[in-house]
Amino acid sequence: MRYSQLFIPTLRQPPADAEAVSHKLLVRAGFVRQLAAGLYIFLPLGWKVMEKINNIIREEMNRIGAQELSMPVLHPAEVWQQTGRWDEIGDEMFRLKDRKGSDMCLGMTHEEIMTWLASKEIRSYKELPQTWYQIQTKLRDEARPKSGILRTREFTMKDSYSFDADEEALQKSYDLHIEAYNRIFDRCGLDFIIVDSDPGMMGGAMAHEYMAPSEAGEDEVALCTKCGFAANLELAGSVPLPSEDKEEALEEIETPEKRTVEEVSSFLKLKAMNFMKSLLVMTDGGPVLALVRGDQKLHEHKLQKIVGTLRHATKDEIKDTLGVEAGFIGPMGHDIRIVADEVLQKGCYVSGANKPHYHARGIKAGREFAAEWADIHFAQEGDGCPGCKEPLHIKKVIEIGNIFKLGTKYSAPLNAVYLDESGKEKPMIMGSYGIGPARIAAAAVEQNNDDNGIKWPKNIAPFDVAILPLNVKHDASIELAERIYGELRDKGVDVLMDDRDERAGIKFKDADLIGIPIHIIIGERNLKEDLVEIKDRSTGDADKIRSGDAVGSVLRSFSK
RNA sequence: CGGGGUGUAGCGCAGUCUGGUUAGCGCACCUGCCUUGGGAGCAGGGGGUCGGAGGUUCGAAUCCUCUCACCCCGACCA
C-alpha cells in the first residue's frame, strides 16, 4: 500500500491523558482513537494489526479442531435468568428493554448462549466432543475503563467453549487449548507465562491465566524461578519470612495519636513485622476480627472463602463492637470470631491495647488470644515459595488469555444433556477459554518499544516492510522503489511504500514510530554506488547492500 | 461507588488567583519560494460560541451555583 493513500494520522505528541506506554504509542502512531471512556476506534493500521492477530488465533483454533461460528451480541434475559447470572451480575452488565418491554442484555461473555445452543442441538455422546468459538464483540459496563485499549467497555474477544462427555475428555479439550494458546502467543511474539488462577464467578474446578509481564498490567503474579510455581496473587499462597522468636510479657505503652503500623513502628523504633494488624470486617455471620502481621496485607478474597461475603466495618461499627476506636484495636478480650494468619502462631507482637492512645507489646497467640488459623495474607516479594521455599518474585502482568474448567455449571441449569452409551442422560462437561486480541496488541507494544516508537513483532506488524525513497523527485530512487515494491508484493510480502513528498527525517520518524519491522531505505547518495540500506527496526542494525539484492535479502529475513 | 485532578484551535500548553482592547504561544494545517539521510528555513494565511447551563457585573475564559465529560488512585472486574 502507498502511504500517500493511507489514513495514518501520526502525532508528534501523545494526548495528555494517556498514561500507559501502549496507549500513548498506539494513539501517536495512528492506530487508535478514543470515542469515549473505554470506547476505541481502530484506525486502518490498528485494524490491520487486529486482523493479523485474529488470523493467527483462527489458524491455531482451527488446528485443534475448534469450529468458528458467530453468536448474537444482544441476548434475551431468560437465558441469563436460567443460570442465575442475570441477578448475580450487577451494574457491569448492560441491560435494556426491547419495544415490547422484554428484558434484554448485551453479552459480556457467551457461556449462556453457547450452552443454550448445545442444549437444543446435541443429543448423543456420538456428537461429542464439540468445541465452538467466535471472535466477537463483548460489552461490559466497566467501573473504570483504563490504560487505553487494555481495559475497555467494548472489546473483541476470542471465546471458545468445549462440550465433553466426561472429565477425562474435558482434560483433553483443556490440554488442546493450552497447546493452541502457547502457539498463538508465541506467534504473536509475546513474552508470557501461565499461572494458576481463581475460577471465581466462572465456577468450576481449575483455571489458568496467560499473562504478559508488563508494568502496565493490572494483575500481579507470584513466580518461583526454581520450581516453576506461578500463581495469580488473587490466590497465591506463600511462606512469610519467619517472625522473630522472642518471649515478652504483656505490657501497655502509651502511643498518643499513633494509629497506623507505620506511625507506631517509627514511634517505637520497631520493624513492621513486630506488629499485628487487627482489622474488623462485617459478615453475614456477624463481625469478624482479622489478624495479619504488620508487614502483611490482608487478603480479603482468602478471608472471604473462610467467613463468607465481607465488608470493612465502619468507624461506628468498630467502636460499637470492640469498644475502642480504629487504630488501637488489639486481639485480646473480644467475644467475636477471630481469624488470624498462620505466621502469627509464633512470636510476640505489638498491637492495639483496646484503649485509646495505647498499644500493647508481648501479645502472644494462645496466651492473649485464641484464633482460627489460615493463610489470609497477600504473597509478597521475598516470601517463600509454597512449593520449594525459595524466594518468590512478584510481577505485574497483563491478562491476555484464560482457560477455565466449567464442569456442569452452565450445562446443568440450561439442561444441556446427552445420552451416553447406556442410554443414560448426563450433563455435558464444559470448558470456557478466552483471549483478548486487543490486549495482545497492547502487550506487544508494552513489551517492544523504544523512544522512537513501536517495535512490532513481525507476525503482527501492520506491514512487513516499509520502503522509504527519501527523495520522490529523484527518478532513479522512485524507479528502484517501485521495482522493489512490485517484486515484494508479488512474493506476498505486505509492503508500505512511503511515496509521500516529505523530507527524509519525517519518513524515518514515521516508519520508526509505526514500528514496521524492516525498512528499505533508498537514498540518492547510496544509489550512486548502487546501494540501498536495509534496517531492522527492533535491533536498529542497518546494512548497505546492492540494490539488486534487496528483495532477496528481505525475503531471507522472513524465512529465518 | 469513594478520593484526587483536568476541560481554552487537530495535538501540547499559557492566560483564571487579582474580571477590562480584536484570547495568546509551539507543533500540525493551507499558499508560495526553497529544501530532500533523522520531525528544515523564509514569507503569507485559515481555524476558538474558552466543556455546557444559569447567575453576579457596565463588562466574565477569569467570580458564584448547578451540570456534563475525561484522566489518575482505590473498591469492583464472569
Side-chain angles (χ1 to χ4, degrees), chain A residues 9-20 23-24 27-28 30 33-39 80 83-93 105 107-112 138-148 150-153 155 157 159 161 197-204 207 209 216 218-219 232 234 297 300-301 304 309-312 314 399 402 404 406 409-410 432-434 436 451-453 468-474 477-478 498 500-514 519 521-528 531-533 535 540 542 544:
Chain A
T10 59
L11 300 172
R12 198 181 290 222
Q13 283 169 308
D17 56 16
E19 194 79 9
H23 186 192
K24 289 181 188 172
V27 172
R28 268 194 68 200
R33 285 295 185 265
Q34 185 181 41
L35 172 65
L39 297 175
W80 287 81
T83 61
R85 288 166 113 191
W86 178 264
D87 295 314
E88 276 169 36
I89 297 170
D91 292 337
E92 206 157 319
M93 188 188 302
C105 65
M108 10 193 346
T109 177
H110 282 76
E111 279 78 16
E112 274 78 1
K138 305 280 186 263
L139 293 120
R140 296 181 188 176
D141 195 356
E142 290 284 351
R144 183 145 100 86
K146 58 184 288 201
S147 306
L150 274 175
R151 188 166 202 84
T152 54
R153 293 190 291 176
F155 57 97
M157 177 166 147
D159 48 326
Y161 305 84
S197 82
D198 188 345
M201 291 282 294
M202 293 290 283
E209 287 166 326
E218 305 180 89
D219 286 293
N232 194 311
E234 285 171 5
K297 244 179 83 184
E300 290 174 25
H301 282 284
Q304 199 149 345
T309 310
L310 63 84
R311 62 174 174 81
H312 287 278
T314 63
E399 182 186 348
N402 53 43
F404 293 94
L406 297 176
K409 181 175 163 79
Y410 300 94
S432 153
Y433 320 84
D451 291 343
N452 292 319
L468 310 184
L470 298 182
N471 180 359
V472 295
K473 301 222 169 85
H474 181 246
S477 293
I478 277 295
D498 194 345
R500 295 175 300 170
D501 183 10
E502 291 286 1
R503 299 170 56 80
I506 290 178
K507 297 193 179 195
F508 288 134
K509 288 289 184 191
D510 277 337
D512 285 348
L513 177 61
I514 292 166
H519 306 171
I521 299 156
I522 301 174
E524 224 174 314
R525 214 171 54 207
N526 283 329
L527 210 50
K528 283 192 185 123
L531 295 175
V532 298
E533 198 172 308
K535 182 177 135 183
K544 286 182 187 174

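Treat the numbers as computed from the prediction; the structure is a model and nothing was measured. Residue numbering restarts at 1 for every chain, and letters A, B, ... go by the order of the sequence lines.
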| query | Does CG belonging to A:D17 count more than 12 external heavy atoms closer than 6.0 Å? | reply | yes
| Length of the CZ-C1' vector between A:R144 and B:G4, whole Å | 11 Å
| Closest non-hydrogen atom pair, A:F404 against A:D198 | CE2-O, 4.3 Å
| query | If we take the P atom in both B:G59 and B:C71, what is their distance in whole Å? | reply | 38 Å
| request: Among the candidates B:C70, B:G37, B:A75, find the nucleotide nearest to the side-chain atoms of A:A37. | output: B:C70
| task | For residues A:D512 and A:K535, report the shortest heavy-atom separation together with the two atoms involved. | result | OD1-NZ, 3.0 Å
| task | Sugar-phosphate atoms are those with a prime plus P, OP1 and OP2; base atoms are the rest. Using that split, label each nucleotide of nucleotides 25-36 of chain B B, S or - for protein heavy atoms under 4.0 Å, 5' to 3'. | result | -BSS------BB
| Atom CD of A:E19 to atom P of B:G5: distance rounded to whole Å? | 16 Å
| request: May I ask you to say what A:K535 touches in the nucleic acid, namely base, sugar-phosphate or nothing, with a heavy-atom cut-off under 4.0 Å? | output: base
| request: For B:C66 and B:C30, measure between their C1' atoms and round to the nearest Å. | output: 42 Å
| message | Measuring only the P atom in each nucleotide, how far is B:C76 from B:U16? A whole number of Å is fine. | response | 42 Å
| said: Within the structure provided, determine whether A:E399 and A:N232 are in side-chain contact (heavy-atom separation under 4.5 Å). | reply: no
| query | How is A:D510 classified with respect to the nucleic acid when contacts are heavy atoms under 4.0 Å: base, sugar-phosphate, or nothing? | reply | base
| What does A:A16 touch in the nucleic acid at a heavy-atom separation under 4.0 angstrom: a base, only the sugar-phosphate, or nothing? | sugar-phosphate
| Using a cut-off of 4.0 Å on non-hydrogen atoms, how would the nucleic acid contact of A:L513 be classed: base, sugar-phosphate, or nothing? | base
| task | Give the rounded distance in Å between these two atoms: NZ of A:K24 and C1' of B:C72. | result | 13 Å
| What integer distance in Å separates A:D512:CG from B:G38:P? | 13 Å
| said: Mind checking if A:A36 touches a base, just sugar-phosphate, or nothing, with heavy atoms under 4.0 Å? | reply: sugar-phosphate
| field | Nucleotide B:G74, atom C1' - distance to CD of A:E300 in whole Å | value | 11 Å
| query | So what does A:P14 hit on the nucleic acid, given a heavy-atom distance under 4.0 Å: a base, only sugar-phosphate, or nothing? | reply | sugar-phosphate
| request: Answer with base, sugar-phosphate or nothing: what part of the nucleic acid does A:S147 contact at a heavy-atom distance below 4.0 Å? | output: sugar-phosphate
| Are any of the side-chain nitrogens in A:K146 or A:E19 under 4.0 Å away from the carboxylate oxygens of its partner? | no
| task | Considering only atom C1', compute the distance from B:C13 to B:C73 and round it to an integer number of Å. | result | 25 Å
| field | Nucleotide nearest A:K146 (side chain, heavy atoms from C-beta), chosen from B:C73, B:C70, B:C76 | value | B:C73
| field | Whole-Å distance separating the NE2 atom of A:H312 from the C1' atom of B:G74 | value | 11 Å
| request: Would you tell me whether A:E300 and A:H312 have side-chain atoms, one donor and one acceptor, within less than 3.5 Å of each other? | output: yes
| Whole-Å gap separating P (B:C71) and CG (A:L150) | 13 Å
| query | Atom CG of A:L310 to atom C1' of B:C76: distance rounded to whole Å? | reply | 14 Å
| query | With rounding to whole Å, what would you report as the distance between B:A60 and B:C72 at their C1' atoms? | reply | 31 Å
| task | Verify side-chain hydrogen bond (donor to acceptor under 3.5 Å, both in side chains) between A:N471 and A:S477, making sure each step is shown before the conclusion. | result | CA-CA 7 Å; A:N471 180 359; A:S477 293; over 6 Å; no
| said: Over all strands shown, is A:E533 touching base, sugar-phosphate only, or nothing at heavy-atom distances under 4.0 angstrom? | reply: base
| query | What interatomic distance, in whole Å, is found between P of B:G48 and the corresponding atom of B:G55? | reply | 26 Å
| C1' atoms of B:G10 and B:G46, separation to the nearest Å | 13 Å
| query | For the residue pair A:L513 and A:R28, what are the closest heavy atoms and their distance? | reply | CD2-O, 3.7 Å
| task | Identify whether any heavy atom of A:N452 sits under 4.0 Å from a base atom; if not, whether one sits that close to sugar-phosphate; answer base, sugar-phosphate or nothing. | result | nothing
| note | Which of B:G39, B:G37, B:G12 is nearest the side chain of A:I506? It is B:G39
| Looking at CD1 of A:I478 and CD1 of A:I522, how far apart are the two atoms once the value is rounded to the nearest 0.5 Å? | 8.0 Å
